[in-house]
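The sequence lines fix the lettering, A, B, ..., with proteins before strands; numbering per chain opens at 1.
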Amino acid sequence: MDYAACEPGATAVTSALAIKILIAGGFGVGKTTMVGTISEIRPLHTEELLSERGVDVDDVSGVESKSTTTVALDFGRITIREGLWLYLFGTPGQDRFWFMWDELALGALGAVVLADTRRLQDSFPAVDYFEQRGIPFVVGVNCFDGARRHDPAKVRRALGLNAHVPIVLCDVRDRASVRDVLTTLVTYAVEGAGRAMP
Amino acid sequence: MTGQDPGPLIRLYGLTGGRARPQGETFDLVAIVTTVGGPHTLADLIPEYRAVLSVCRRPTPVADVAAHLRLPLNVTRVILGDLRREGFVTIERPRPVAQTIDEHIYREVLDGLRSL
């Protein structure tokens with residue numbers, strides 16, 4: 001989208017809506033690739049600057065003593081129409097950034113937990129996180145090798161997933177495949193919410 | 001990396017007067033920022049503030065504003081807080097998903113995804 005091309009003085013009357021979807025999973029499982037595959041823009045990048053607790057932000061010397069650190073945050077966008085977007089946020093991998101997850105997860109429609117069958121245990125923290133907070137999620141099994149078939153039932157058992165949590169085999173480099181994962185998530189999140197409400 | 005070079009950091013916090021976070025509530029990543037009113041008298045505003053007003057003539061989520069400006073999120077939030085206090089922008093807090101995604105929007109999203 002070209003922001004510079006908008007007419008001067010244009011104002012929004014109808015409310016715009018950005019729907020947040022999280023892409024989670026262990027380090028190197030393909031989160032950034034997935035966002036890049038489906039995003040209409042090159043994944044955007046921003047950073048959260050963190051001040052260590054107890055350090056006065058006005059204390060410039062604190063900057064030099066590594067009192068600040070940065071969390072990289074990559075995200076992509078899918079425009080459904082003017083004023084309606086899906087935003088895909090890759091979750092920071094390191095455990096010490098869990099608090100960033102809380103912010104990311106707030107108001108999210110749902111999440112994709114990417115899994116690599118060679119190291120399924122890397123997906124446990126994400127599964128636990130979304131289960132505990134009641135955030136709808138689907139598991140995307142990234143088929144790195146392409147040839148080997150993975151058995152969703154085994155993945156479900158290994159991850160201790162409820163019977164209703166969708167498991168989708170996917171290739172995060174393939175646009176149609178990523179699209180299917182997201183379609184599954186949106187359907188599951190919306191229809192699941194509908195079922196939960198009397 | 002910003003972490004290894006304090007120069008940009010010092011400049012960023014100079015931009016916000018040393019403030020690391022906005023006064024009052026923090027804005028959600030997908031809270032929608034919209035520039036309000038017609039052309040402002042912008043001569044007094046520093047470039048980053050003017051850039052926000054330019055980007056947000058179209059309603060734009062906070063994360064997108066940060067990415068456009070190439071600024072960290074919390075610095076962006078300080079700028080947005082200032083602009084809102086001065087009445088230059090409105091920031092619409094996202095409503096819970098259950099309230100925003102009705103049948104119509106759900107269909108739109110699904111159709112949009114399928115057409116990708």
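- In plain terms, the two heavy atoms of B:Arg58 and A:Glu82 that are nearest each other are NH1-OE1, 3.0 Å.
- The ring pair (Phe, Tyr, Trp, His ring centres under 6.0 Å) check on A:Phe130 picks up A:Trp101, with sequence neighbours excluded.
- The structure places CG of B:Leu73 at 6.0 Å from CG of A:Leu73, a figure rounded to the nearest 0.5 Å.
- Heavy atoms of B:Leu113 lying under 4.5 Å from chain A belong to its backbone as well as its side chain.
- Judged as a ring pair (Phe, Tyr, Trp, His ring centres under 6.0 Å), and not counting sequence neighbours, B:Tyr106 has no contacts.
- Within the 4.5 Å cutoff, the side chain of B:Asp28 has heavy atoms near those of the A:Lys20 side chain.
- Annotation for A:Phe75 and B:Ala63: closest pair CZ-O, 3.2 Å, computed over non-hydrogen atoms.
- Interface residue A:Ile78: only side-chain heavy atoms are found under 4.5 Å from chain B.
- Residue B:Leu116 touches chain A through both its backbone and its side chain, counting heavy-atom pairs closer than 4.5 Å.
- A continuous path of Ile, Leu, Val, Met, Phe, Trp and Tyr side chains, each step under 4.5 Å between heavy atoms, connects B:Ile46 with B:Phe88, placing both in one hydrophobic cluster.
- In this view, B:Glu86 satisfies the side chain to side chain donor-acceptor pair (under 3.5 Å) rule with no residue, not counting sequence neighbours.
- Expressed to the nearest 0.5 Å, how far CG of B:Asp111 lies from CZ of A:Arg81 amounts to 12.0 Å.
- Of all the listed residues (A:Ile38, A:Asp180, A:Leu84), the one sharing the greatest number of non-hydrogen pairs under 4.5 Å with chain B is A:Leu84.
- With contacts defined as side-chain heavy-atom distances shorter than 4.5 Å, the pair A:Tyr87/B:Leu29 does not qualify.
- Residues of residues 102-116 of chain A lying under 4.5 angstrom from chain B, judged on non-hydrogen atoms, are A:Glu103, A:Leu104, A:Leu106, A:Gly107, A:Ala108, A:Leu109 by number.
- The structure places CD1 of B:Ile105 at 5.0 Å from CG of A:Leu17, a figure rounded to the nearest 0.5 Å.
- No side-chain heavy atom of B:Val30 sits under 4.5 Å from any side-chain heavy atom of A:Trp85.
- When all heavy atoms of A:Ala16 and B:Ile32 are compared, the closest pair comes out as O-CG1, 3.7 Å.
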